Amino acid sequence: MNKVVIYTDGACKGNPGPGGWGAILRSEDGSEKELCGGEPGTTNNRMEMLAVIEALSALKRPCHVTLNVDSQYVLKGITEWLPGWKAKGWRTAAKQPVKNVDLWQRLDALVAGGGHTIDWRWVRGHNGDPGNERADGLANRGVDLGRL
């Protein structure tokens, strides 16, 4: 399997407000792809999730992915909370509907059906990590796209 390193980030100006997402995909041969997009009325959590969804969707074949996120919401959601939500019919432990269920279901399907091996990693945002800083810049560019 090809090895790919991905950095993702989301941004929102107001929460809710115009938002953007960004992702960098770096393959083992050194090639890179930058992705970004935005929406006019959204939340930061939705943009964090959409960055991961769009990055994984851009992969053409199963890969070994090191996926770097600065969102604890995304990281804990996919690695800890998701099985319980599914078992409870997409309800939280407090019996409330899961927020952003449409995106969680899309992400779950991509992770389960993409054939990828994913190593989920958390990086501290705005702390000088070059990949995270570039993803943040793309997410902010996406905010401008979301305003159009």
Side-chain angles (χ1 to χ4, degrees), residues 4-27 32-60 62-148:
V4 178
V5 176
I6 297 175
Y7 283 87
T8 65
D9 201 11
C12 212
K13 303 303 179 193
N15 202 19
W21 58 268
I24 299 163
L25 292 77
R26 186 177 303 137
S27 66
E32 289 187 348
K33 184 174 193 172
E34 293 184 344
L35 306 170
C36 69
E39 295 182 0
T42 190
T43 66
N44 190 63
N45 283 341
R46 288 187 68 81
M47 293 296 93
E48 293 281 1
M49 293 180 69
L50 201 52
V52 174
I53 289 167
E54 294 294 342
L56 291 175
S57 295
L59 299 174
K60 305 283 190 245
C63 297
H64 178 79
V65 179
T66 302
L67 212 159
N68 298 278
V69 299
D70 66 2
S71 168
Q72 288 287 335
Y73 175 70
V74 171
L75 183 66
K76 288 185 177 184
I78 198 69
T79 63
E80 297 176 27
W81 305 331
L82 191 70
W85 290 339
K86 288 169 66 174
K88 294 178 182 97
W90 294 100
R91 298 262 172 196
T92 66
K95 298 186 171 61
Q96 298 299 311
V98 171
K99 291 181 182 176
N100 305 310
V101 69
D102 59 324
L103 295 181
W104 284 117
Q105 289 171 337
R106 283 177 62 191
L107 182 55
D108 182 40
L110 277 169
V111 169
H116 309 297
T117 301
I118 303 175
D119 179 15
W120 295 90
R121 297 201 180 160
W122 182 75
V123 295
R124 185 176 302 281
H126 311 288
N127 204 39
D129 182 291
N132 178 259
E133 296 294 338
R134 283 182 60 198
D136 179 66
L138 290 167
N140 281 294
R141 186 183 312 162
V143 171
D144 292 336
L145 296 172
R147 289 183 171 137
L148 299 177

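Everything numeric here is computed off the predicted structure, so don't read it as measured data. Computation of the quantities below employed the complete heavy-atom set of this structure, encompassing side-chain atoms and omitting hydrogens, waters and symmetry-equivalent molecules.
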Legend entry - Interatomic spacing from SG in Cys63 to CG in Leu25 - rounded to 0.5 Å: 9.0 Å
Inset, instruction - Decide yes or no for Leu110 and His116: does some side-chain heavy atom of the first lie under 4.5 Å from some side-chain heavy atom of the second? - result: no
Inset, instruction - Examine distances only and state if a side-chain atom of Trp85 and a backbone atom of Arg91 form a donor-acceptor pair shorter than 3.5 Å. - result: no
Legend entry - For Ala135 against Ile24, the heavy-atom pair lying closest together: N-CD1, 3.6 Å
Inset, instruction - Kindly compute the distance separating CD (Glu48) from CG (Asn45), expressed to the nearest 0.5 Å. - result: 7.0 Å
Legend entry - Contact summary for Gly38 and Leu145, nearest pair of heavy atoms: N-CB, 4.4 Å
Legend entry - Polar side chain donor-acceptor pair, Asn100 to Tyr73, under 3.5 angstrom: yes
Legend entry - Heavy-atom closest pair, residues Arg121 and Leu75: N-CD1, 4.4 Å
Inset, instruction - Examine distances only and state if a side-chain atom of Asn68 and a backbone atom of Val123 form a donor-acceptor pair shorter than 3.5 Å. - result: no
Inset, instruction - Decide yes or no for Arg134 and Asp9: does some side-chain heavy atom of the first lie under 4.5 Å from some side-chain heavy atom of the second? - result: no
Legend entry - CZ on Arg46 to CG on Asn15, rounded to 0.5 Å: 12.0 Å
Legend entry - Non-hydrogen side-chain atoms of Leu103 and Leu50 separated by less than 4.5 Å: yes
Legend entry - For Leu138 against Cys36, the heavy-atom pair lying closest together: O-CB, 3.4 Å
Inset, instruction - Kindly compute the distance separating NZ (Lys33) from CG (Leu59), expressed to the nearest 0.5 Å. - result: 9.0 Å
Inset, instruction - Starting at CE of Met49, measure out to CD of Glu54 and round the result to the nearest 0.5 Å. - result: 12.0 Å
Legend entry - 4.5 Å side-chain heavy-atom contact, Trp81 and Val98: no
Inset, instruction - Provide the closest heavy-atom pair for Leu35 versus Ala55 in the form atom of the first, atom of the second, distance. - result: CD1-CA, 4.1 Å
Legend entry - Check: Val111 and Trp120 side chains under 4.5 Å, non-hydrogen atoms: yes
Inset, instruction - Without swapping roles, check the side chain of Glu39 against the backbone of Gly19 for a donor-acceptor pair under 3.5 Å. - result: no
Legend entry - Side-chain touch Trp90/Leu82, heavy atoms, less than 4.5 angstrom: yes
Inset, instruction - Please confirm whether the backbone N or O of Trp104 pairs with a side-chain atom of Asp108, one donor and one acceptor, at under 3.5 Å? - result: no
Legend entry - Single hit among Ile53, Thr79, Val52, Thr8 for side-chain contact (heavy atoms from CB on, under 4.5 Å) with Val74: Val52
Legend entry - Steps toward side-chain contact (heavy atoms from CB on, under 4.5 Å) verdict (Leu107, Leu56): CA-CA 9 Å; Leu107 182 55; Leu56 291 175; 4.0 Å; yes
Legend entry - Smallest separation among heavy atoms of Pro62 and Gly115, with atom names: CB-O, 3.3 Å
Inset, instruction - Could you check if a side-chain atom of Asp70 sits within less than 4.5 angstrom of a side-chain atom of Asn127, using non-hydrogen atoms only? - result: no
Inset, instruction - Output the distance between atom OG1 (Thr42) and atom NZ (Lys13), rounded to the nearest 0.5 Å. - result: 13.5 Å
